[in-house]
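Please read the structure below before turning to the comments.
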Amino acid sequence: MSEHDELGARLAGALHDEADRLRPDPALQTILARTQQRRRSAPAGSRRWWPVLAGAVSAAALVVVALVVFGLPHGSRPPETASPTSRSVTTVYFINPGGRLVPAPVTIRDTGNPVPDAVRALLTAKPVDPDYVNPWLCAGMQYDASTATTRTTVVTVNFQRPSRFVPGVGCGIDQPLVLQQLAFTVASAAPGATAVRLRGLDLYPHLPRTPVSLQPEDLAPIILESPTQGQRVSSPVRVTGTSDTFEANVAWRVLQDGKVIRSAATMGGSYGQPKAFGFRVRLAPGSYTVEVYEQSPRNGKVINLDSKDFTVE
(Lines give C-alpha, C1' and ligand atoms only; values in the text may rest on other atoms or scores of the structure.)
Protein backbone atom coordinates (compact mmCIF):
# COMPACT_ATOMS: atom_id res chain seq x y z
CA MET A 1 0.00 0.00 0.00
CA SER A 2 1.39 3.42 -0.95
CA GLU A 3 1.77 6.28 1.51
CA HIS A 4 -1.22 8.11 -0.12
CA ASP A 5 -3.42 5.01 0.05
CA GLU A 6 -2.59 4.49 3.73
CA LEU A 7 -3.36 8.15 4.53
CA GLY A 8 -6.70 7.91 2.68
CA ALA A 9 -7.70 4.77 4.59
CA ARG A 10 -6.88 6.40 7.94
CA LEU A 11 -8.89 9.54 7.03
CA ALA A 12 -11.93 7.48 5.96
CA GLY A 13 -11.82 5.52 9.21
CA ALA A 14 -11.68 8.69 11.27
CA LEU A 15 -14.69 10.14 9.46
CA HIS A 16 -16.71 6.98 10.03
CA ASP A 17 -15.83 7.02 13.75
CA GLU A 18 -16.96 10.64 14.05
CA ALA A 19 -20.25 9.94 12.25
CA ASP A 20 -21.00 7.04 14.60
CA ARG A 21 -20.33 9.27 17.61
CA LEU A 22 -22.93 11.92 16.70
CA ARG A 23 -26.36 11.69 18.34
CA PRO A 24 -29.22 14.23 18.34
CA ASP A 25 -29.52 16.29 21.55
CA PRO A 26 -32.60 15.87 23.81
CA ALA A 27 -34.08 19.19 22.64
CA LEU A 28 -37.34 18.89 24.55
CA GLN A 29 -35.65 18.53 27.95
CA THR A 30 -33.42 21.55 27.20
CA ILE A 31 -36.36 23.73 26.18
CA LEU A 32 -38.43 22.74 29.23
CA ALA A 33 -35.52 23.51 31.54
CA ARG A 34 -35.12 26.99 30.03
CA THR A 35 -38.80 27.93 30.26
CA GLN A 36 -39.29 26.49 33.75
CA GLN A 37 -36.23 28.29 35.08
CA ARG A 38 -37.53 31.62 33.81
CA ARG A 39 -41.00 30.99 35.23
CA ARG A 40 -39.62 30.05 38.67
CA SER A 41 -37.50 33.21 38.82
CA ALA A 42 -40.47 35.50 38.12
CA PRO A 43 -42.64 36.90 41.01
CA ALA A 44 -45.85 34.90 41.50
CA GLY A 45 -48.15 37.80 40.56
CA SER A 46 -46.33 38.45 37.32
CA ARG A 47 -46.24 34.92 35.84
CA ARG A 48 -49.48 35.22 33.89
CA TRP A 49 -48.02 38.23 32.09
CA TRP A 50 -44.65 36.57 31.47
CA PRO A 51 -45.17 35.98 27.70
CA VAL A 52 -45.88 39.72 27.13
CA LEU A 53 -43.22 41.00 29.50
CA ALA A 54 -40.62 38.75 27.87
CA GLY A 55 -41.06 40.65 24.63
CA ALA A 56 -40.78 44.07 26.29
CA VAL A 57 -37.78 43.14 28.41
CA SER A 58 -36.06 41.49 25.44
CA ALA A 59 -36.51 44.65 23.37
CA ALA A 60 -35.09 46.86 26.12
CA ALA A 61 -32.27 44.58 27.24
CA LEU A 62 -29.06 43.80 25.44
CA VAL A 63 -30.46 40.92 23.41
CA VAL A 64 -28.88 39.83 20.19
CA VAL A 65 -31.56 38.93 17.63
CA ALA A 66 -30.99 36.06 15.28
CA LEU A 67 -32.41 36.98 11.87
CA VAL A 68 -33.67 34.13 9.72
CA VAL A 69 -34.41 35.36 6.19
CA PHE A 70 -36.82 33.44 4.00
CA GLY A 71 -37.53 33.94 0.33
CA LEU A 72 -34.28 34.81 -1.39
CA PRO A 73 -34.46 36.23 -4.94
CA HIS A 74 -35.26 33.68 -7.58
CA GLY A 75 -32.24 31.69 -8.63
CA SER A 76 -30.08 32.67 -5.65
CA ARG A 77 -28.66 30.16 -3.20
CA PRO A 78 -28.01 30.53 0.53
CA PRO A 79 -24.45 30.45 1.81
CA GLU A 80 -23.57 26.97 3.01
CA THR A 81 -20.89 25.94 5.45
CA ALA A 82 -21.56 22.23 5.01
CA SER A 83 -21.48 19.90 2.06
CA PRO A 84 -24.69 19.98 -0.06
CA THR A 85 -25.05 16.26 0.61
CA SER A 86 -24.58 16.54 4.39
CA ARG A 87 -27.54 15.22 6.39
CA SER A 88 -28.52 15.71 10.01
CA VAL A 89 -31.51 15.35 12.31
CA THR A 90 -33.53 18.27 13.65
CA THR A 91 -36.58 18.38 15.94
CA VAL A 92 -39.93 19.46 14.47
CA TYR A 93 -43.08 19.88 16.55
CA PHE A 94 -46.34 18.46 15.20
CA ILE A 95 -49.89 18.51 16.59
CA ASN A 96 -51.54 15.40 18.02
CA PRO A 97 -55.27 14.51 17.96
CA GLY A 98 -55.72 16.14 21.37
CA GLY A 99 -54.51 19.50 20.09
CA ARG A 100 -51.14 19.38 21.85
CA LEU A 101 -47.58 19.68 20.55
CA VAL A 102 -45.32 16.65 20.15
CA PRO A 103 -41.68 16.65 18.99
CA ALA A 104 -40.39 14.28 16.33
CA PRO A 105 -36.98 13.82 14.67
CA VAL A 106 -36.79 14.88 11.02
CA THR A 107 -33.83 14.23 8.72
CA ILE A 108 -32.79 17.35 6.81
CA ARG A 109 -30.15 18.62 4.41
CA ASP A 110 -27.67 20.30 6.73
CA THR A 111 -26.57 23.75 5.49
CA GLY A 112 -24.68 24.52 8.68
CA ASN A 113 -27.42 26.96 9.81
CA PRO A 114 -29.56 25.07 12.35
CA VAL A 115 -32.37 27.63 12.81
CA PRO A 116 -33.36 28.07 9.14
CA ASP A 117 -32.83 24.35 8.60
CA ALA A 118 -35.36 23.64 11.36
CA VAL A 119 -37.88 26.17 10.02
CA ARG A 120 -37.50 24.79 6.49
CA ALA A 121 -38.19 21.31 7.89
CA LEU A 122 -41.32 22.59 9.63
CA LEU A 123 -42.62 24.08 6.37
CA THR A 124 -42.14 20.86 4.42
CA ALA A 125 -42.14 17.88 6.80
CA LYS A 126 -44.97 15.37 6.66
CA PRO A 127 -45.35 13.55 10.01
CA VAL A 128 -44.31 9.90 9.91
CA ASP A 129 -46.81 9.16 12.66
CA PRO A 130 -50.28 9.12 11.03
CA ASP A 131 -51.85 10.47 14.24
CA TYR A 132 -50.03 13.80 13.92
CA VAL A 133 -50.73 16.77 11.63
CA ASN A 134 -48.61 19.65 10.35
CA PRO A 135 -50.76 22.68 9.44
CA TRP A 136 -47.75 24.45 7.91
CA LEU A 137 -47.96 22.12 4.93
CA CYS A 138 -51.19 23.87 3.96
CA ALA A 139 -49.33 27.11 3.33
CA GLY A 140 -47.22 25.50 0.61
CA MET A 141 -44.13 27.49 1.66
CA GLN A 142 -40.81 26.09 0.46
CA TYR A 143 -38.12 28.73 0.90
CA ASP A 144 -34.38 28.94 0.71
CA ALA A 145 -32.93 30.57 3.80
CA SER A 146 -29.84 32.34 5.06
CA THR A 147 -29.03 33.36 8.59
CA ALA A 148 -26.78 35.39 10.88
CA THR A 149 -27.64 33.36 13.98
CA THR A 150 -26.06 33.99 17.38
CA ARG A 151 -26.90 32.75 20.87
CA THR A 152 -29.91 34.77 22.01
CA THR A 153 -33.21 34.64 23.90
CA VAL A 154 -35.31 35.96 21.00
CA VAL A 155 -35.09 34.66 17.44
CA THR A 156 -36.54 36.82 14.67
CA VAL A 157 -37.96 34.86 11.75
CA ASN A 158 -38.47 37.09 8.73
CA PHE A 159 -40.73 35.78 5.96
CA GLN A 160 -40.02 38.07 3.02
CA ARG A 161 -42.82 36.75 0.81
CA PRO A 162 -46.36 36.89 2.26
CA SER A 163 -48.18 33.57 2.19
CA ARG A 164 -51.62 32.45 3.27
CA PHE A 165 -52.97 29.06 4.21
CA VAL A 166 -54.79 27.27 1.42
CA PRO A 167 -57.56 24.69 1.97
CA GLY A 168 -56.26 21.34 3.14
CA VAL A 169 -56.03 18.85 5.99
CA GLY A 170 -55.15 20.40 9.34
CA CYS A 171 -55.55 24.02 8.26
CA GLY A 172 -58.29 24.72 10.78
CA ILE A 173 -55.86 24.67 13.72
CA ASP A 174 -56.09 27.77 15.94
CA GLN A 175 -53.52 30.50 15.33
CA PRO A 176 -51.90 30.44 18.80
CA LEU A 177 -51.16 26.71 18.58
CA VAL A 178 -49.69 26.99 15.07
CA LEU A 179 -47.43 29.80 16.25
CA GLN A 180 -46.37 27.74 19.27
CA GLN A 181 -45.53 24.93 16.84
CA LEU A 182 -43.15 27.31 15.07
CA ALA A 183 -41.75 28.72 18.31
CA PHE A 184 -40.88 25.32 19.82
CA THR A 185 -39.34 24.12 16.55
CA VAL A 186 -37.12 27.21 16.39
CA ALA A 187 -36.20 26.95 20.08
CA SER A 188 -35.10 23.34 19.61
CA ALA A 189 -32.48 24.57 17.12
CA ALA A 190 -31.47 27.78 18.96
CA PRO A 191 -29.74 27.28 22.33
CA GLY A 192 -31.05 29.78 24.87
CA ALA A 193 -34.08 30.89 22.84
CA THR A 194 -37.32 31.40 24.77
CA ALA A 195 -39.35 33.41 22.24
CA VAL A 196 -39.74 33.98 18.49
CA ARG A 197 -40.49 37.29 16.76
CA LEU A 198 -42.31 37.02 13.41
CA ARG A 199 -41.84 39.37 10.47
CA GLY A 200 -43.71 39.39 7.15
CA LEU A 201 -45.90 36.38 7.91
CA ASP A 202 -49.33 36.80 6.34
CA LEU A 203 -50.93 33.58 7.53
CA TYR A 204 -53.47 35.35 9.75
CA PRO A 205 -55.07 38.83 9.78
CA HIS A 206 -53.59 39.76 13.16
CA LEU A 207 -50.20 38.50 14.29
CA PRO A 208 -48.77 39.42 17.71
CA ARG A 209 -46.38 42.33 17.60
CA THR A 210 -44.51 41.09 20.65
CA PRO A 211 -42.39 37.92 20.49
CA VAL A 212 -44.23 34.62 20.77
CA SER A 213 -43.00 33.13 24.05
CA LEU A 214 -42.84 29.37 24.59
CA GLN A 215 -45.90 28.03 26.43
CA PRO A 216 -45.06 24.63 27.99
CA GLU A 217 -48.76 24.00 28.70
CA ASP A 218 -49.24 23.49 24.94
CA LEU A 219 -47.01 20.41 25.03
CA ALA A 220 -48.67 17.00 25.18
CA PRO A 221 -48.79 15.62 28.77
CA ILE A 222 -47.37 12.33 27.49
CA ILE A 223 -44.76 12.27 24.73
CA LEU A 224 -43.56 8.86 23.54
CA GLU A 225 -40.02 9.26 22.21
CA SER A 226 -38.83 5.72 21.53
CA PRO A 227 -39.35 3.52 19.74
CA THR A 228 -40.12 5.90 16.90
CA GLN A 229 -42.91 5.27 14.42
CA GLY A 230 -42.06 2.31 12.18
CA GLN A 231 -38.73 1.60 13.88
CA ARG A 232 -37.19 -1.87 13.81
CA VAL A 233 -35.82 -2.85 17.23
CA SER A 234 -34.54 -5.85 19.15
CA SER A 235 -35.94 -7.42 22.32
CA PRO A 236 -36.13 -6.43 25.10
CA VAL A 237 -37.70 -3.24 23.72
CA ARG A 238 -36.77 -0.06 25.55
CA VAL A 239 -39.71 2.39 25.68
CA THR A 240 -38.97 5.97 26.79
CA GLY A 241 -40.68 9.33 26.86
CA THR A 242 -41.63 12.39 28.91
CA SER A 243 -44.78 12.84 30.98
CA ASP A 244 -46.62 15.26 33.24
CA THR A 245 -49.68 13.44 34.60
CA PHE A 246 -51.89 13.24 37.68
CA GLU A 247 -49.83 11.86 40.57
CA ALA A 248 -47.12 10.98 38.01
CA ASN A 249 -48.96 7.82 36.91
CA VAL A 250 -48.27 6.55 33.40
CA ALA A 251 -50.05 3.46 32.10
CA TRP A 252 -48.89 1.45 29.10
CA ARG A 253 -49.89 -1.52 26.98
CA VAL A 254 -48.50 -3.41 24.00
CA LEU A 255 -50.87 -4.64 21.29
CA GLN A 256 -50.42 -7.18 18.53
CA ASP A 257 -53.12 -7.54 15.88
CA GLY A 258 -55.30 -5.24 17.95
CA LYS A 259 -55.12 -7.39 21.10
CA VAL A 260 -53.42 -6.34 24.34
CA ILE A 261 -50.59 -8.77 25.13
CA ARG A 262 -48.69 -6.77 27.80
CA SER A 263 -49.78 -4.01 30.16
CA ALA A 264 -48.48 -2.31 33.30
CA ALA A 265 -47.74 1.15 34.70
CA THR A 266 -44.73 3.32 35.46
CA MET A 267 -43.95 6.75 36.90
CA GLY A 268 -43.03 10.05 35.29
CA GLY A 269 -43.49 13.73 36.11
CA SER A 270 -46.43 15.56 37.69
CA TYR A 271 -47.74 18.97 38.86
CA GLY A 272 -46.31 20.89 35.94
CA GLN A 273 -42.88 19.27 36.19
CA PRO A 274 -42.36 16.93 33.19
CA LYS A 275 -39.96 14.07 33.80
CA ALA A 276 -38.65 11.14 31.81
CA PHE A 277 -40.19 7.69 32.07
CA GLY A 278 -39.01 4.36 30.72
CA PHE A 279 -39.54 0.62 30.82
CA ARG A 280 -38.47 -2.56 29.02
CA VAL A 281 -40.64 -5.31 27.61
CA ARG A 282 -39.59 -8.65 26.10
CA LEU A 283 -41.34 -9.47 22.84
CA ALA A 284 -41.01 -12.16 20.20
CA PRO A 285 -40.23 -11.12 16.61
CA GLY A 286 -43.23 -9.48 14.97
CA SER A 287 -45.18 -6.22 14.54
CA TYR A 288 -46.56 -4.36 17.56
CA THR A 289 -48.13 -1.13 18.80
CA VAL A 290 -47.18 0.44 22.13
CA GLU A 291 -49.64 2.83 23.75
CA VAL A 292 -48.73 5.08 26.67
CA TYR A 293 -51.56 6.99 28.33
CA GLU A 294 -53.11 8.47 31.43
CA GLN A 295 -56.28 7.26 33.12
CA SER A 296 -58.66 10.05 34.07
CA PRO A 297 -58.87 10.47 37.86
CA ARG A 298 -62.57 11.27 37.41
CA ASN A 299 -63.86 8.26 35.51
CA GLY A 300 -60.86 6.07 34.62
CA LYS A 301 -61.11 6.75 30.89
CA VAL A 302 -57.99 6.70 28.71
CA ILE A 303 -56.72 10.25 28.06
CA ASN A 304 -53.55 11.86 26.66
CA LEU A 305 -52.63 8.72 24.72
CA ASP A 306 -49.57 8.54 22.49
CA SER A 307 -48.72 5.45 20.44
CA LYS A 308 -46.11 4.08 18.07
CA ASP A 309 -46.04 1.10 15.69
CA PHE A 310 -42.76 -0.85 15.61
CA THR A 311 -41.27 -4.18 14.59
CA VAL A 312 -39.18 -6.54 16.70
CA GLU A 313 -36.54 -8.37 14.66
Side-chain angles (χ1 to χ4, degrees), residues 25 27-28 30-32 34-35 37-39 49-73 76-82 90-93 101 103 106 108 110-125 134-136 139-165 175-216 218:
D25 293 332
L28 176 59
T30 303
I31 292 171
L32 289 174
R34 295 201 302 260
T35 55
Q37 182 179 6
R38 287 180 171 271
R39 286 174 181 268
W49 298 106
W50 181 81
V52 176
L53 291 176
V57 173
S58 298
L62 298 178
V63 177
V64 181
V65 176
L67 179 59
V68 184
V69 181
F70 289 84
L72 296 179
S76 64
R77 301 296 301 171
E80 296 184 357
T81 59
T90 191
T91 299
V92 171
Y93 282 77
L101 300 177
V106 173
I108 59 171
D110 189 347
T111 70
N113 297 318
V115 173
D117 285 349
V119 176
R120 187 186 300 108
L122 173 66
L123 301 182
T124 59
N134 182 9
W136 289 92
M141 296 184 293
Q142 298 183 14
Y143 294 148
D144 289 330
S146 62
T147 182
T149 302
T150 59
R151 186 170 297 176
T152 178
T153 60
V154 178
V155 177
T156 295
V157 179
N158 184 16
F159 294 85
Q160 290 190 339
R161 289 188 295 175
S163 297
R164 294 185 181 274
F165 278 148
Q175 171 186 341
L177 188 58
V178 173
L179 297 185
Q180 284 295 308
Q181 186 189 0
L182 171 64
F184 271 95
T185 297
V186 170
S188 70
T194 60
V196 176
R197 189 189 307 275
L198 303 174
R199 299 297 189 200
L201 188 61
D202 196 21
L203 297 177
Y204 297 99
H206 304 288
L207 284 173
R209 295 184 178 181
T210 57
V212 178
S213 299
L214 302 179
Q215 301 297 318
D218 285 330

So which heavy atom on [X] is nearest to which on [Y], and how close?
X    : Y    : value
Y93  : S188 : CE1-CB, 4.4 Å
A193 : L214 : O-CD1, 4.0 Å
Q180 : Q215 : OE1-N, 2.9 Å
N134 : A125 : ND2-O, 2.8 Å
P135 : Q181 : CD-OE1, 3.5 Å
P114 : A189 : O-CB, 3.5 Å

Check: Of V154, V155, T156, T194, which meets side-chain contact (heavy atoms from CB on, under 4.5 Å) against P211?
Finding: V154

Next item on the list: Could you grab the distance from atom CG of D218 to atom CG of L177, nearest 0.5 Å is fine?
Entry: 5.5 Å

Any side-chain heavy-atom pair of [X] and [Y] under 4.5 Å:
X    : Y    : value
T90  : D117 : no
V186 : V115 : yes
R120 : I108 : no

